[in-house]
*Asks:* 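The structure's right below; bear with me while I get my questions together.
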Amino acid sequence: GENVEQHPSTLSVQEGDSAVIKCTYSDSASNYFPWYKQELGKRPQLIIDIRSNVGEKKDQRIAVTLNKTAKHFSLHITETQPEDSAVYFCAANLPWGDDKIIFGKGTRLHILP
Amino acid sequence: DAGITQSPRHKVTETGTPVTLRCHQTENHRYMYWYRQDPGHGLRLIHYSYGVKDTDKGEVSDGYSVSRSKTEDFLLTLESATSSQTSVYFCAISESRSATYNEQFFGPGTRLTVL
């Protein structure tokens, strides 16, 4: 079945710098890759997603890239701000059967003042 | 936030007791999911439902059962709680299966402690 690996588990960056979180997946048939953000004590919420027919997608300071050949995708946050501090989860869909996704283990991002 | 509520929000129980967590949605979404979140493990799927009375197992289903008698309610039952089931439980919903897939909306979570 699908396996999603996420790195690093913890990341600290200076405010204003960029942050990159990387994920790999195992099933080459996966075609939907969402990213969720979970602030402390809150529920996970979708921040961006990408489908396999595109290689990159941007939304203001957030971008996601996908390399299907290498089976990896990454989240890029530019000009980081204190409110970016959270746990970020990548995920990949299970391409057959019902509408399920498998999550990575998460990255805790700390934005340092 | 999508119309998803979970009850109770916090529960402390003893080993061996039965526990039922409830997820209620007002979005009329077809798919409902139960996840558990543990440090170092991320979000793991316990069970999911693709319609009334239609349920299936996820990756960590042992020790859990579910029921869905109405579109809006999805119940998670721990028949005999164990300390290893101490966790934060999230319910999620999505509208339907489609070729482009749909966002999963999460409930606020239930923190369960099994002593």
Side-chain angles (χ1 to χ4, degrees), chain A residues 1-10 21 23-27 29-54 57 59 64 66 86-109, chain B residues 1-6 9-10 23 25 27 29-51 54-61 66 68 74 87-111:
Chain A
E2 178 69 280
N3 184 46
V4 177
E5 298 283 342
Q6 184 171 348
H7 299 280
S9 57
T10 305
I21 301 170
C23 291
T24 61
Y25 60 99
S26 59
D27 195 323
S30 293
N31 57 8
Y32 174 63
F33 307 92
W35 286 86
Y36 284 79
K37 175 184 180 182
Q38 185 181 28
E39 297 177 358
L40 188 64
K42 301 288 184 65
R43 69 190 78 189
Q45 291 189 300
L46 181 75
I47 54 170
I48 194 168
D49 57 18
I50 190 167
R51 291 167 175 81
S52 59
N53 58 339
V54 297
K57 183 177 179 180
D59 183 3
V64 58
L66 172 64
V87 177
Y88 293 81
F89 294 98
C90 63
N93 70 308
L94 296 179
W96 298 287
D98 297 302
D99 205 357
K100 295 184 291 186
I101 56 175
I102 297 296
F103 288 88
K105 290 186 168 71
T107 296
R108 183 172 297 279
L109 176 62
Chain B
D1 294 326
I4 313 169
T5 57
Q6 292 184 230
R9 294 293 313 281
H10 302 272
C23 178
Q25 59 142 331
E27 304 296 323
H29 282 6
R30 178 182 173 192
Y31 284 83
M32 300 185 75
Y33 311 82
W34 277 107
Y35 292 91
R36 60 177 290 173
Q37 183 175 27
D38 305 288
H41 291 278
L43 292 157
R44 293 181 291 175
L45 182 65
I46 305 171
H47 281 280
Y48 68 100
S49 169
Y50 45 97
D54 292 323
T55 65
D56 206 347
K57 297 178 179 179
E59 58 187 310
V60 289
S61 60
V66 290
R68 190 170 179 200
F74 193 33
S87 186
V88 179
Y89 291 85
F90 284 99
C91 173
I93 64 175
S94 65
E95 185 169 3
S96 66
R97 182 178 184 274
S98 74
T100 56
Y101 291 87
N102 289 278
E103 177 180 355
Q104 289 191 14
F105 298 92
F106 284 81
T110 294
R111 183 173 296 276

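Proteins get letters first, then strands, A, B, ... in listed order; numbering begins at 1 in each. In this text, all values refer to a predicted model and were calculated from it rather than measured experimentally.
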*Asks:* Can you tell which part of Gln38(A) gets under 4.5 Å to a heavy atom of chain B, answering side chain, backbone, both or neither?
*Replies:*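 Side chain of Gln38(A) only, per the 4.5 Å heavy-atom cut-off to chain B.
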*Asks:* Applying side chain to side chain donor-acceptor pair (under 3.5 Å), can you list everything that pairs with Glu5(A), at least two apart in sequence or on another chain?
*Replies:*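 In terms of side chain to side chain donor-acceptor pair (under 3.5 Å), with neighbours along the sequence ignored, Glu5(A) is linked to Asn3(A).
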*Asks:* If I measure from the heavy atoms of chain A, does Leu43(B) come under 4.5 Å with its side chain, its backbone, both, or neither?
*Replies:*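 Looking at Leu43(B), backbone and side chain both touch chain A.
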*Asks:* If we only count heavy atoms from C-beta on, is the Phe90(B) to Arg43(A) side-chain gap below 4.5 Å?
*Replies:*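 Of all side-chain heavy-atom pairs linking Arg43(A) with Phe90(B), at least one is under 4.5 Å.
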*Asks:* Between Pro44(A), Gly106(A), Ser52(A), which shows the greatest number of heavy-atom pairs under 4.5 Å with chain B?
*Replies:*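 Going by pairs under 4.5 Å, I would pick Pro44(A).
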*Asks:* One thing to verify: whether Lys100(A) and Asp56(B) come together as a salt bridge, which I'm taking to mean a side-chain N less than 4.0 angstrom from a carboxylate O.
*Replies:*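 Looking at Lys100(A) together with Asp56(B), the answer is no, because their closest N to O distance does not fall below 4.0 Å.
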*Asks:* Can you confirm whether or not the ring centre of Tyr33(B) sits under 6.0 Å from the ring centre of Phe106(B)?
*Replies:*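 No, the ring centres sit 6.0 Å or more apart.
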